[in-house]
Amino acid sequence: MSVALAAVAALGLAACGSGNSSDSSGDASAGSTGAYTPKEGGAGGDVGVFTWWAEGSEKKGLDALVSEFEKQYPNDKFVNLAVAGGAGSNAKAKLASDLANGNPPGSFQGHAGAELTDYILADPPQIEPVNDVINALGGEKVFPKDLLDRLTVDGNIYSVPSNIHRANVVWANPKVLDKAGISETPKDIKGWIADMDKVKKSGVNTPLSIGGTWTQVQLFETVLMADLGAEKYAGLFDGSTKWDSEEVKTAVNDFKTLLTYTNKASDGDDWPDATNMVIDGKAAYNVMGDWAVAEFEAKGAKDGEDYVYFPVPGTDGVFDFLADSFTLPKGAPNPDGTKDWLMLVGSADGQKAFNLAKGSIPARTDVPADDFPKYQQSAMESFKSDTIASSIAHGAAAPLAWTDDISKATAKFYSTKDADGFLKDLTAAADKNVVK
Ligand code: GAL
């Protein structure tokens with residue numbers, strides 16, 4: 001069975017125990033029913049935490065977590081191991097080599113879903129179950145079951161979610177749209193492309209801003225969702241939708257057309273440059289995860305005046321989902337210190353502080369919505385009522401190797417614009433990664 005299928009098969013297997021014996025060993029069998037009890041003030045010692053939240057608004061999010069950690073676990077010392085680069089574009093390679101060399105951090109950021117299964121199903125496994133921490137935090141009483149399912153393999157939960165982000169959001173500059181005579185949100189990709197022509201005619205050369213490859217993968221996944229619908233999109237990852245189907249061809253061609261309205265991007269271009277183009281009026285639109293809203297707020301931009309937002313046309317009612325979540329690596333230098341960190345990440349106080357600063361919504365369901373600004377309140381509503389679709393660019397849909405193949409195919413397409421070649425590469429990537 002491929003890793004992807006194993007991940008899919010794992011959905012629905014969450015077995016959140018409800019025992020109350022104390023366990024801090026991080027051992028799978030013992031951890032499945034016990035509940036972790038942290039030492040008052042923390043276990044003591046260093047807790048090295050590996051993320052890619054190294055700069056700007058993302059660092060502010062991490063800082064908010066760290067200051068709560070220092071308050072609640074004063075005996076522990078947080079050590080920041082962040083590696084810059086949005087979506088882990090640099091961090092993931094460094095992490096892979098640290099894990100392979102037996103040099104794991106205290107905890108690392110991973111994406112809920114297929115990406116996490118890479119670490120779980122590695123031989124030997126690279127992360128430990130944390131059922132005892134999840135139990136101590138309240139398990140299914142405080143985390144959505146769907147989300148816990150995405151963190152579970154063979155009945156064990158392997159990480160503590162900090163947040164949920166939405167990736168299919170268009171951020172737009174209302175003044176630029178006004179000048180182009182656009183007053184309505186387009187219903188589908190075709191309508192959106194027509195609006196981009198209006199933007200161009202109004203004198204703005206870059207209707208749609210983009211960054212490096214992962215931002216293009218993210219844009220492409222939203223076009224796939226728009227053109228296939230959520231159900232067929234999900235089928236791309238279990239083999240039930242073919243990558244050489246007519247709908248995927250349409251999506252590839254739409255993506256190709258969208259790229260004719262963008263700035264030129266190099267692979268290393270990070271996302272804030274692309275979102276800034278919208279705020280600065282140099283672009284009308286950018287498709288970015290809702291970490292963008294934190295960047296806008298940090299710059300003093302105002303919701304409704306300086307930026308507006310809507311789901312990528314054709315994806316209304318679909319929530320392109322990703323969640324960050326923190327792990328206990330096998331052989332972590334100070335496992336009890338790591339568990340203090342995980343307890344903080346999963347606590348209501350930690351989630352409120354972090355998500356207010358990060359633009360995401362709490363993974364917990366018991367953090368009051370009223371405490372959050374307008375955008376996040378709307379994301380909370382959508383998460384409750386929309387169809388959930390898994391992000392490719394942010395590890396929810398496919399394991400690392402497959403995502404990597406899709407990224408390479410996208411980078412190649414960006415330079416060749418060869419739609420047939422792109423379809424062939426995408427189909428080959430699926431053939432390699434899904435066992436039929
Ligand atoms: C995602 C991550 C988000 C945000 C984004 C941009 O992969 O889950 O929390 O950091 O990358 O860097």
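Counting starts at 1 for both ligands and their atoms, in listed order. Keep in mind it's a predicted model, so treat the numbers as computed, not measured.
Both tests hold for Lys417 against Tyr414: distance to the six-membered ring centre under 6.0 Å, angle to the ring axis within 45°. Remark: Arg150 is positioned above the aromatic ring of Phe321, its terminal NZ or CZ atom under 6.0 angstrom from the ring centre and at most 45 degrees off the axis.
In this structure, of Ala87, Gly85, Gly211, the residue bringing a heavy atom nearest to atom 11 (O) of ligand 1 is Ala87.
Summary of contacts: the protein heavy atom closest to atom 2 (C) of ligand 1 is Asp324 OD1, 3.4 Å. Remark: minimum distance from atom 1 (C) of ligand 1 to any protein heavy atom is reached at His394 ND1, 3.2 Å.
Taking a cut-off of under 4.0 Å to the non-hydrogen atoms of Lys358, the atoms of ligand 1 that pass are 3 (C), 4 (C), 9 (O), 10 (O). Atom numbering of ligand 1 starts at 1 in the shown order; those under 4.0 Å from a heavy atom of Leu322 are 8 (O). Below 4.0 Å from some heavy atom of Trp52 lie the following atoms of ligand 1, by number and element: 1 (C), 2 (C), 7 (O), 10 (O), 11 (O), 12 (O).
Side-chain contact between Arg166 and Asn168: present, with at least one pair of heavy atoms (C-beta onward) separated by less than 4.5 Å. A 4.5 Å side-chain heavy-atom check between Pro144 and Thr365 finds at least one atom pair inside the cut-off. Between Met288 and Thr215 there is a side-chain heavy-atom pair separated by less than 4.5 Å.
Checked against a 3.5 angstrom limit, the closest N/O atoms of Glu58 and ligand 1 fall inside it. Polar contact check, His111 against ligand 1: a nitrogen or oxygen pair lies under 3.5 Å apart. Between Gly86 and ligand 1, no N or O atom pair is found at a separation short of 3.5 Å. Note: no N/O pair closer than 3.5 Å links Asn163 and ligand 1 by distance alone. Between Trp291 and ligand 1, no pair of N/O atoms sits closer than 3.5 Å.
Between Tyr233 and Phe237, the ring-plane angle classifies as perpendicular under the 30° and 60° cut-offs. Using cut-offs of 30° and 60° on the angle between ring planes, the pair Tyr285 and Phe310 is perpendicular.
Within a 6.0 Å radius of CD in Glu231, no more than 12 heavy atoms belonging to other residues, nucleotides or ligands are found.
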